[in-house]
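Structure first, commentary second.
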Amino acid sequence: MMKQPPFAIVITMGDPAGIGPEIICRALVGMSDEERAGTLLVGDIDTFIRAAATIDAKLAFCTLDGPETAPSEAVVVSQVDNALGTPIPDGEISAAAGEMAFRCVERAVALVQAGQAGVIVTAPLNKAALHAAERYYDGHTGMLASLTGAPASFMLLASETLSTIHVSTHVSLKEAIQRVTVERIEATVAAGHEHLRQLGTAVPRIAVAGLNPHCGEGGIFGDEDERIIRPAVEKLRAAGYEVQGPISADTVFYRASRGEFDLVVAQYHDQGHIPVKLIAFDTTVNVSLGLPIKRTSVDHGTAFDIAWQGRADATNMNAAIAYARQLARGLELD
């Protein structure tokens, strides 16, 4: 058994102008003393103190390398400073906020790679703020792949009723269609299969959604389903995977939600996101697969319109943390 890190999970602050600090503090309030002791935060300690005050939470914080005289109940923070030094206005896009959000993720990855923490949980960041800071990522998943040197990554949306994994995510629909290849479908199924096996599903039942309406209707509405997706599924079945497809997208998610499948492979972002968010908007967890680290996230944005007003709901953050703890327990068994 490998040596376990001192912190089961590490939570990044996200964009400090958004609701990330607030929902993290709300989640901390609901934790047991043992859970808080096993949780490391990454971000600015003063921002967390302010967020706790905003929601009237009695929380104490101390820095990771701070004095040993800190209260025993204090939540530990790995301090990340405002590197650009410019003001970060609440609820607004800024380069300073984007840079801080990036550095929080960068630090969290380093902590996990150093054996200090087990699973990363990310609060939301803002892509426009990232780009303003000249950090040109399409979101957390691509950023984490770059930071860890992973050749490929996959986005899985997990809920109790329906879970999906995506062949492509944050690209245009035109580019998404071009990314539907036999190799990518095979890799996506393999990543989803392995993840479910790690969570205890002995034989994951996976459905692959079609790309075109009615899976192309015999080529009338496009030939990708028969030319690309079906051969990929046949290769996977021959390799021993319990996989079916292509199945028309207008029925496959319903069938999965009724328990016929454990996971649906969606061919592009909205094809997978819409049904999951419709069924489990507040509890869907975003999970990154294909990386040398484990990471979960809320599946919503920075909500600038309600940030720093004490109104943010932590339901989704609680779900992301609970899923991360489940993954952390899996690490204990490795």
Side-chain angles (χ1 to χ4, degrees), residues 5 7-15 20 40 42 101-113 117-127 130 135-159 162-171 176 179 184-185 187-199 204 206 262-266 268-269 272-273 276-277 280 283-302 316-317 319-331 334:
F7 297 98
I9 63 171
V10 53
I11 307 177
T12 63
M13 179 176 65
D15 190 307
L40 174 63
V42 177
F102 167 78
R103 289 180 180 238
C104 286
V105 176
E106 184 180 48
R107 176 74 58 79
V109 169
L111 288 164
V112 170
Q113 291 177 329
V119 180
I120 298 174
V121 180
T122 55
L125 49 72
N126 183 282
K127 297 179 186 64
L130 272 183
R135 302 291 186 177
Y136 299 112
Y137 297 101
D138 63 353
H140 274 113
T141 305
M143 182 190 301
L144 288 164
S146 175
L147 289 171
T148 59
S153 59
F154 305 88
M155 179 187 292
L156 182 144
L157 299 185
S159 78
L162 174 65
S163 295
T164 64
I165 186 170
H166 300 68
V167 171
S168 68
T169 51
H170 296 134
V171 296
R179 293 194 182 192
R184 180 66 180 181
I185 293 168
T188 306
V189 169
H193 173 91
E194 178 61 23
H195 178 71
L196 292 177
R197 286 279 302 242
Q198 290 174 355
L199 292 178
I206 300 175
D262 301 306
L263 180 65
V264 178
V265 174
Y268 53 92
H269 183 280
H273 277 60
V276 177
K277 288 193 173 184
T283 55
T284 297
V285 178
N286 186 324
V287 187
S288 295
L289 304 185
L291 305 174
I293 60 172
K294 296 186 182 296
R295 171 257 180 178
T296 72
S297 179
V298 296
D299 194 40
H300 60 69
T302 48
N316 203 218
M317 175 57 77
I321 290 171
Y323 203 99
R325 292 197 191 284
Q326 187 178 359
L327 294 177
R329 287 192 290 272
L331 289 175
D334 289 346

Across all chains, not counting sequence neighbours, the salt bridge (Lys or Arg N to Asp or Glu O under 4.0 Å) partners of Arg103 are Glu99

Across all chains, not counting sequence neighbours, the side-chain contact (heavy atoms from CB on, under 4.5 Å) partners of Ala101 are Leu125

The reported gap from CG in Leu199 to CZ in Arg329 (rounded to nearest 0.5 angstrom) is 10.0 Å

### Message
Please determine whether side chain to side chain contact (heavy atoms under 4.5 Å, CB included) holds for the pair Arg295 and Asn286, giving the CA-CA distance in whole Å, both sets of side-chain angles, and the decisive distance to 0.1 Å.
### Response
CA-CA 8 Å; Arg295 171 257 180 178; Asn286 186 324; 3.4 Å; yes

### Thr164 side chain reached by Met155 side chain, heavy atoms, under 4.5 Å
no

Rounded to the nearest 0.5 Å, the CE atom of Met13 sits from the OG1 atom of Thr122 at a distance of 13.0 Å

Between the side chain of Ser153 and the main-chain N/O of Gly142, is any donor-acceptor distance below 3.5 Å? no

Nearest heavy-atom contact between Leu289 and Ala191 is CD1-O, 3.7 Å

Scanning both residues in full, the closest heavy-atom pair of Gly272 with His166 reads CA-NE2, 3.5 Å

* Compare all side-chain heavy atoms of Leu263 with those of Leu156 and state whether any distance is below 4.5 angstrom. => yes

Heavy atoms of Ser163 and Ala158 approach each other most closely as OG-CA, 3.4 Å

Applying side chain to side chain donor-acceptor pair (under 3.5 Å) to Thr12 and not counting sequence neighbours gives none

Residues at least two apart in sequence or cross-chain that pass side-chain contact (heavy atoms from CB on, under 4.5 Å) with Thr284, listed by chain then number, are Leu157, Ser159, Val276, Ala280, Asp299

The reported gap from CG in Asp138 to OG1 in Thr169 (rounded to nearest 0.5 angstrom) is 5.5 Å

Arg197 meets the salt bridge (Lys or Arg N to Asp or Glu O under 4.0 Å) criterion, sequence neighbours left out, with none

Residue set satisfying side-chain contact (heavy atoms from CB on, under 4.5 Å) with Ala187, at least two apart, ordered chain then number -> Phe154

**Asked** Would you say the side chain of His195 lies within less than 4.5 Å of the side chain of Leu327, judging by non-hydrogen atoms?
**Response** yes

Those residues at least two apart in sequence (or on a different chain) that pass side chain to side chain donor-acceptor pair (under 3.5 Å) with Asp262 are Arg205

Please check if the side chain of His273 supplies one atom and the backbone of His269 the other of a donor-acceptor pair under 3.5 Å.
yes

Closest non-hydrogen atoms of Gln113 and Leu147, given as atom of the first, atom of the second and distance, are NE2-O, 4.4 Å

The ring-ring contact (aromatic ring centres under 6.0 Å, His included) partners of His140 (sequence neighbours excluded) come to none

Between Ile165 and Gly192 the two heavy atoms that sit nearest each other are CD1-N, 3.8 Å

The side chain to side chain donor-acceptor pair (under 3.5 Å) partners of Glu194 (sequence neighbours excluded) come to Gln198

Those residues at least two apart in sequence (or on a different chain) that pass side chain to side chain donor-acceptor pair (under 3.5 Å) with His300 are none

Across all chains, not counting sequence neighbours, the side-chain contact (heavy atoms from CB on, under 4.5 Å) partners of Ala324 are Ile9, Val119, Val121, Thr296

Sorted by chain and residue number, the salt bridge (Lys or Arg N to Asp or Glu O under 4.0 Å) partners of Arg184 (sequence neighbours excluded) come out as none

Correct closest heavy-atom pair for Ala150 and Leu291 would be CB-CD2, 3.7 Å

